[in-house]
Amino acid sequence: MKHIFEELSTRFAVSNYTQNRDDLAFFFVQKEQAVSLIIHLRDFHHYTHLVLITCVDWIEDGNFQLTYLLHNYHNHMDIGIKVLINREEALMDSIHLLWEQARTYQRELFEMFGISFPGSPGMKEPFILEGWQGPPVMRRNFDTKKYSDETYSHRPREIHEPEEHMKQKLYPED
């Protein structure tokens with residue numbers, strides 16, 4: 001897989017190659033070249049299956065890291081393409097025209113992280129969090145406790161130790 005990275009480095013701004021297993025490698029590419037690189041891998045290296053698109057919030061650095069995982073059915077290899085995008089201007093080119101299922105991943109990333117993929121159909125339609133009006137919940141600066149305190153009424157909480165609770169409620173005669 002290293003030979004693919006070396007060939008790609010003559011055409012694209014790729015960096016930080018790591019091989020996690022014999023059949024799995026990752027590397028970074030510049031945001032502006034990501035879609036072109038993905039098309040190249042699909043068309044010339046047989047990475048024809050989009051396995052997933054995922055995100056990591058590197059809040060300390062002010063970036064999101066998108067990872068596109070592609071699979072090659074000919075040699076049963078996976079390549080992960082990592083792309084850093086600015087958290088404050090969370091925009092990335094859509095790949096829904098390359099793989100229809102990319103729409104689903106992109107909708108999820110929009111809803112959970114606030115990353116926009118201009119031109120991707122149905123981007124603003126509710127996906128997982130129907131009726132949600134708050135900020136993106138997977139951003140690391142989303143304060144779940146504060147949101148809960150401001151949104152939901154408080155009630156006393158009963159704590160039951162599982163062992164004692166089972167003795168009293170489920171097996172009272174033992």
Side-chain angles (χ1 to χ4, degrees), residues 1-130 132 135-142 144:
M1 293 179 71
K2 181 79 170 173
H3 69 283
I4 293 174
F5 175 77
E6 290 168 354
E7 185 264 320
L8 292 172
S9 68
T10 65
R11 299 170 184 246
F12 301 96
V14 293
S15 62
N16 296 45
Y17 176 85
T18 56
Q19 188 155 347
N20 297 42
R21 299 185 315 243
D22 290 342
D23 64 344
L24 176 64
F26 291 90
F27 55 84
F28 282 88
V29 67
Q30 296 295 313
K31 172 185 174 181
E32 298 75 25
Q33 293 185 329
V35 174
S36 296
L37 174 102
I38 289 168
I39 292 170
H40 183 84
L41 284 168
R42 184 194 66 181
D43 295 349
F44 296 101
H45 295 281
H46 309 290
Y47 285 87
T48 57
H49 177 71
L50 174 66
V51 178
L52 61 83
I53 308 170
T54 190
C55 181
V56 176
D57 185 354
W58 295 111
I59 192 170
E60 300 84 359
D61 300 329
N63 292 317
F64 288 123
Q65 174 189 301
L66 296 176
T67 302
Y68 298 81
L69 189 62
L70 307 177
H71 181 73
N72 180 325
Y73 285 108
H74 293 287
N75 62 15
H76 304 289
M77 301 279 186
D78 293 319
I79 285 186
I81 297 95
K82 298 178 181 182
V83 181
L84 294 176
I85 63 171
N86 186 303
R87 281 181 98 251
E88 301 307 315
E89 300 170 17
L91 291 169
M92 185 61 195
D93 293 333
S94 176
I95 62 167
H96 75 278
L97 295 175
L98 303 176
W99 290 284
E100 182 66 24
Q101 75 268 26
R103 291 176 53 201
T104 303
Y105 296 120
Q106 292 172 168
R107 280 180 66 195
E108 179 182 26
L109 294 172
F110 175 74
E111 195 167 283
M112 295 297 183
F113 291 92
I115 300 169
S116 185
F117 296 85
S120 188
M123 184 61 52
K124 307 244 174 165
E125 294 173 15
F127 182 56
I128 298 169
L129 305 173
E130 286 187 42
W132 178 256
V137 297
M138 293 300 289
R139 285 188 174 224
R140 286 181 46 210
N141 56 330
F142 178 71
T144 55

What distance separates [X] [atom1] from [Y] [atom2], expressed to the nearest 0.5 Å?
X	Y	atom1	atom2	value
Lys2	Ser9	NZ	OG	8.5 Å
Cys55	Met112	SG	CE	12.0 Å
Ile53	Ile115	CD1	CD1	10.0 Å
Gln19	Ile79	CD	CD1	9.5 Å
Arg42	Thr48	CZ	OG1	9.0 Å
Leu50	Ile38	CG	CD1	8.0 Å

Can you see which heavy atom on [X] is nearest to which on [Y], and at what distance?
X	Y	result
Lys31	Leu91	NZ-O, 2.8 Å
Val137	Phe142	O-CD2, 3.7 Å
Ser94	Pro118	CB-O, 3.9 Å
Thr67	Gly80	CG2-CA, 4.4 Å
Asn75	Met77	OD1-CG, 3.0 Å
Met1	Leu24	SD-N, 3.9 Å

Worksheet item: Considering the options Glu100, Gln106, Gln101, which one meets the side chain to side chain donor-acceptor pair (under 3.5 Å) requirement together with Arg103?
Response: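 The residue from Glu100, Gln106, Gln101 that satisfies side chain to side chain donor-acceptor pair (under 3.5 Å) with Arg103 turns out to be Glu100.
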Discussion item. Among Arg140, Arg139, Arg87, which residue satisfies the side chain to side chain donor-acceptor pair (under 3.5 Å) criterion with Asp57?
Written reply: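 The passing option is Arg87.
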Worksheet item: Given side chains that start at C-beta, do those of His76 and Asp23 come closer than 4.5 Å, heavy atoms only?
Response: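 Side chain of His76 against side chain of Asp23, heavy atoms only: no contact under 4.5 Å found.
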Worksheet item: Any side-chain heavy atom of Leu8 sitting closer than 4.5 Å to one from Leu41?
Response: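 Yes; the side chains approach each other to less than 4.5 Å.
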Strictly distance-based, threshold 3.5 Å: is any side-chain N or O of [X] a donor or acceptor partner for the main-chain N or O of [Y]?
X	Y	answer
Glu111	Leu129	yes
Asp61	Asn63	no
Arg107	Pro121	no
Gln33	Ala13	yes
Tyr105	Val51	yes

Practice prompt. Could you go through the side-chain contact (heavy atoms from CB on, under 4.5 Å) check for Phe117 and Leu66 one step at a time?
Written response: CA-CA 12 Å; Phe117 296 85; Leu66 296 176; 4.3 Å; yes
Worksheet item: Using the ring of each side chain (for Trp, its six-membered ring), is Phe44 parallel, tilted or perpendicular to His40, with breaks at 30° and 60°?
Response: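 Phe44 vs His40 ring planes: tilted.
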Practice prompt. List the steps, then state whether side-chain contact (heavy atoms from CB on, under 4.5 Å) holds for Phe26 with Asn16.
Written response: CA-CA 8 Å; Phe26 291 90; Asn16 296 45; over 6 Å; no
Should the heavy atoms of other residues, nucleotides or ligands under 6.0 Å from [atom1] of [X] be counted, would the total exceed 12?
X	atom1	result
Asn141	CG	yes
Glu60	CD	yes
Trp132	CH2	yes

Worksheet item: Hey, which of Phe12, Tyr17, Phe28 is the one that makes ring pair (Phe, Tyr, Trp, His ring centres under 6.0 Å) with Phe5?
Response: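 Single ring pair (Phe, Tyr, Trp, His ring centres under 6.0 Å) partner of Phe5 among Phe12, Tyr17, Phe28: Tyr17.
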Worksheet entry | Partner of His74 under ring pair (Phe, Tyr, Trp, His ring centres under 6.0 Å), chosen from His46, His45, His49 |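 Exactly one pass, corresponding to His46.
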Worksheet item: When you look at Tyr47 and Ile4, which way does the side-chain contact (heavy atoms from CB on, under 4.5 Å) test go after all the steps?
Response: CA-CA 11 Å; Tyr47 285 87; Ile4 293 174; 3.9 Å; yes
Practice prompt. Please lay out, stage by stage, how Phe64 and Leu109 fare under the test side-chain contact (heavy atoms from CB on, under 4.5 Å).
Written response: CA-CA 11 Å; Phe64 288 123; Leu109 294 172; over 6 Å; no
